[in-house]
There are 2 protein chains.
Amino acid sequence: MKQRKIYNRIPVFRNERDLSRQDLADLVGVNYQTIGYLEREEYNPSLDLAFRIAEVFGLPVEMVFSTKPMKPLSEVLRDHLEKEGD
Amino acid sequence: MKQRKIYNRIPVFRNERDLSRQDLADLVGVNYQTIGYLEREEYNPSLDLAFRIAEVFGLPVEMVFSTKPMKPLSEVLRDHLEKEGD
DNA sequence: AGGGAATGTTGTAAAGATACAACAAAAACA
DNA sequence: TGTTTTTGTTGTATCTTTACAACATTCCCT
């Protein structure tokens, strides 16, 4: 099977929390360069690693990784707010 | 990184829809034996393959794959029903 | 300006995932 | 019953992911 490229919001969430790649790498238990490869989207994470990263951010996998290019979070948020007027 | 074993509900959802492994394999574009390996949990799917399979069933990845052993769907459903009295 | 931290790049090696083939076993069913 | 379909098993080959090292570049800080 030809693997599709998977996009991610790792840099967004990582920067937001003021984590270095090394910090995030430590949290999920991988080499810090592995985080670099993921952020540059040079390869896809394993499913296990994707779960670990999503868990660090407390988000569903789909919010961190997607087969389609990531919309800015501001858009996601806007769409969500206008749908549910809470 | 030592990969954790990932559990899944592929057999449940596949049988429910009366799909053979070959059928599901065709739908996601892998060899039918790959589905077998996944169902026996002999190895984890790539993130891409996990997305494809979840998409076939129209469910979030977390409902099909998990790092913890899968509860029977009846339990999941019960918990959900008693939380939200819809 | 200079030092340290964070990030990017390149290369090699090991582990994990997928394909494919061939055959065995089990299940469905005429 | 025997026949077909589905599933399991074993083995090999290839591709992808991860680790690790070494070095270059960029950024921040004072």
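Only a predicted model underlies this, so the values are computations on that prediction, with no experimental measurement involved. Below, chains carry the letters A, B, ... as their sequence lines are ordered, and counting in each starts from 1.
The side chain of A:R40 places no N or O atom within less than 4.0 Å of a non-bridging phosphate oxygen (OP1 or OP2) of C:dT10. In this model, the phosphate group of C:dG16 is not approached by any side-chain N or O of B:N44 to a distance below 4.0 Å at OP1 or OP2. The side chain of B:Q3 places an N or O atom within less than 4.0 Å of a non-bridging phosphate oxygen (OP1 or OP2) of D:dT18. Between D:dT7 and B:R14, a contact under 4.0 Å exists linking OP1 or OP2 to a side-chain N or O. At C:dT18, one or more side-chain N or O atoms of B:S46 fall inside 4.0 Å of OP1 or OP2 (strictly under the cut-off). Side-chain nitrogen and oxygen atoms of A:N31 include at least one within less than 4.0 Å of the OP1 or OP2 phosphate oxygen of D:dC20.
Heavy-atom distances to DNA chain D give each of A:K2 and B:N15 a nearest nucleotide, and the one nearer the 5′ end belongs to B:N15.
Comparing C:dA19, C:dA17, D:dT7 by their closest approach to the side chain of B:S20 singles out D:dT7.
Between the CD atom of A:E42 and the P atom of C:dT9 there is a distance of 7 Å, rounded to whole Å. D:dT6 atom P lies 13 Å from atom CG of B:L24, rounded to whole Å. Atom CD1 of B:I6 is separated from atom P of C:dG16 by 13 Å (rounded to the nearest Å). Remark: P of D:dT5 and CD1 of B:I35 are 20 Å apart, rounded to the nearest angstrom. Look at OH on B:Y32: it is 10 Å from P on D:dT7, rounded to the nearest Å. Here C:dA21 presents its P atom at 12 Å from CD of B:Q22, a figure rounded to the nearest Å. For the pair B:Y43 OH and D:dT16 P, the interatomic distance rounds to 14 Å; values are reported in whole Å. Atom pair B:Y37:OH and D:dT9:C1' shows a separation of 7 Å (rounding to whole Å applied).
Taking hydrophobic clusters as Ile, Leu, Val, Met, Phe, Trp and Tyr residues chained together by side-chain heavy-atom distances below 4.5 Å, A:V56 shares a cluster with A:I53.
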Next on the checklist: What verdict does the salt bridge (Lys or Arg N to Asp or Glu O under 4.0 Å) test give for B:K71 and B:D79, after you've listed the backbone C-alpha separation in whole Å, the side-chain angles of each residue and the deciding distance to 0.1 Å?
Outcome noted: CA-CA 11 Å; B:K71 280 197 285 194; B:D79 290 356; 3.1 Å; yes
Item to check | Verdict with supporting geometry, B:L38 and B:Y43, side chain to side chain contact (heavy atoms under 4.5 Å, CB included) | outcome: CA-CA 6 Å; B:L38 297 183; B:Y43 56 59; 4.0 Å; yes
Next on the checklist: As a quick check of understanding, evaluate salt bridge (Lys or Arg N to Asp or Glu O under 4.0 Å) for B:R52 and B:D48, giving each step before the final call.
Outcome noted: CA-CA 6 Å; B:R52 290 179 198 222; B:D48 185 19; 3.1 Å; yes
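Residue B:Q33 is classed as a base contact, given a heavy-atom separation below 4.0 Å to a base.
The environment of CE in B:M63 is sparse: at most 12 heavy-atom neighbours from other residues, nucleotides or ligands sit within 6.0 Å.
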